[in-house]
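These numbers come from the heavy atoms of this one structure, side chains and all, not from hydrogens, waters or symmetry mates.
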Amino acid sequence: MKYNRANLKKLEELCRDLGYKVRYEQGYFQSGYCRVESQKVIVINKYFDVEGRMNCFFDLIPGLPVNWEEISTEARHLYQSILDSKTKVVA
């Protein structure tokens with residue numbers, strides 16, 4: 001997946017489909033993002049460029065719970081491609 005604003009928007013939409021609000025704020029996050037589980041909010045450091053923001057989503061999305069009946073087919077494919085790329089890096 002290329003690092004551009006269109007793909008960043010797709011990742012943001014995927015998180016919204018999973019029930020999370022995405023916010024960009026300044027903060028002292030250890031890894032660039034913060035997930036507030038009880039409120040279903042994802043906060044990403046607003047000073048990151050597109051590549052940094054997308055990398056945060058790539059790290060974060062595999063750990064989010066998924067209700068397969070509530071997300072679209074396009075979102076399923078995107079989620080699966082993120083999982084596949086994550087396993088390729090590990091393997």
Side-chain angles (χ1 to χ4, degrees):
M1 180 177 273
K2 291 188 176 193
Y3 294 106
N4 58 36
R5 293 208 180 271
N7 287 334
L8 177 61
K9 286 283 187 198
K10 289 179 184 179
L11 294 172
E12 291 171 354
E13 286 297 320
L14 174 61
C15 289
R16 287 189 190 103
D17 287 349
L18 295 175
Y20 285 81
K21 291 182 182 179
V22 177
R23 293 175 35 193
Y24 294 101
E25 303 283 338
Q26 70 181 20
Y28 300 102
F29 315 126
Q30 187 72 17
S31 59
Y33 64 85
C34 171
R35 184 174 66 187
V36 183
E37 194 69 41
S38 63
Q39 297 176 4
K40 288 198 162 194
V41 176
I42 297 171
V43 183
I44 295 180
N45 194 326
K46 74 177 184 177
Y47 296 114
F48 281 2
D49 60 358
V50 172
E51 182 177 354
R53 291 177 182 194
M54 288 181 68
N55 284 330
C56 286
F57 281 116
F58 291 143
D59 290 342
L60 187 65
I61 288 173
L64 298 178
V66 178
N67 186 349
W68 293 106
E69 288 116 23
E70 293 182 4
I71 64 172
S72 66
T73 305
E74 183 180 334
R76 289 179 192 181
H77 290 296
L78 180 58
Y79 184 85
Q80 192 60 47
S81 69
I82 292 169
L83 290 180
D84 291 343
S85 67
K86 196 75 165 169
T87 56
K88 286 179 186 175
V89 171
V90 173

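Looking at residues two or more places apart in sequence or on another chain, you find no side chain to side chain donor-acceptor pair (under 3.5 Å) involving Glu69. Judged as a salt bridge (charged side-chain N to carboxylate O under 4.0 Å, His left out), and not counting sequence neighbours, Glu51 has no contacts.
Two residues are said to be in side-chain contact when any heavy atoms from C-beta on lie closer than 4.5 Å; Lys46 and Arg53 meet this criterion. Side-chain contact between Phe57 and Ile44: present, with at least one pair of heavy atoms (C-beta onward) separated by less than 4.5 Å.
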Enumerate donor-acceptor pairs with a distance under 3.5 Å from any side-chain N or O in residues 11-20 to protein atoms, sequence neighbours excluded.
unit_1 : atom_1 : unit_2 : atom_2 : d
Glu12  : OE2    : Tyr24  : OH     : 2.4
Glu13  : OE2    : Arg16  : NH1    : 3.2
Tyr20  : OH     : Glu37  : OE2    : 3.1

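Shown here for Leu8 and Met54, the closest heavy-atom pair between the two residues is CD1-CG, 3.8 Å. Contact record, Asn7 with Lys2: ND2-O, 2.8 Å, taken as the closest heavy-atom pair.
The CD atom of Glu74 lies 6.5 Å from the NZ atom of Lys10; values are rounded to the nearest 0.5 Å. Here CG of Asp84 is found 11.0 Å from OH of Tyr79. Values are rounded to the nearest 0.5 Å. Here the straight-line distance linking atom CG of Leu83 with atom CG of Leu78 works out to 10.0 Å at 0.5 Å rounding.
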Quiz item: Do Phe58 and Ser85 pass the side chain to side chain contact (heavy atoms under 4.5 Å, CB included) test, and can you show the C-alpha distance, the side-chain angles, and the key distance before you say yes or no?
Solution: CA-CA 9 Å; Phe58 291 143; Ser85 67; 5.5 Å; no

Quiz prompt | side chain to side chain contact (heavy atoms under 4.5 Å, CB included) evaluation trace for Leu64 with Ile42 | solution = CA-CA 11 Å; Leu64 298 178; Ile42 297 171; 4.1 Å; yes

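Under the 3.5 Å distance criterion, the side-chain polar atoms of Arg5 are left unmatched by any main-chain donor or acceptor of Val50.
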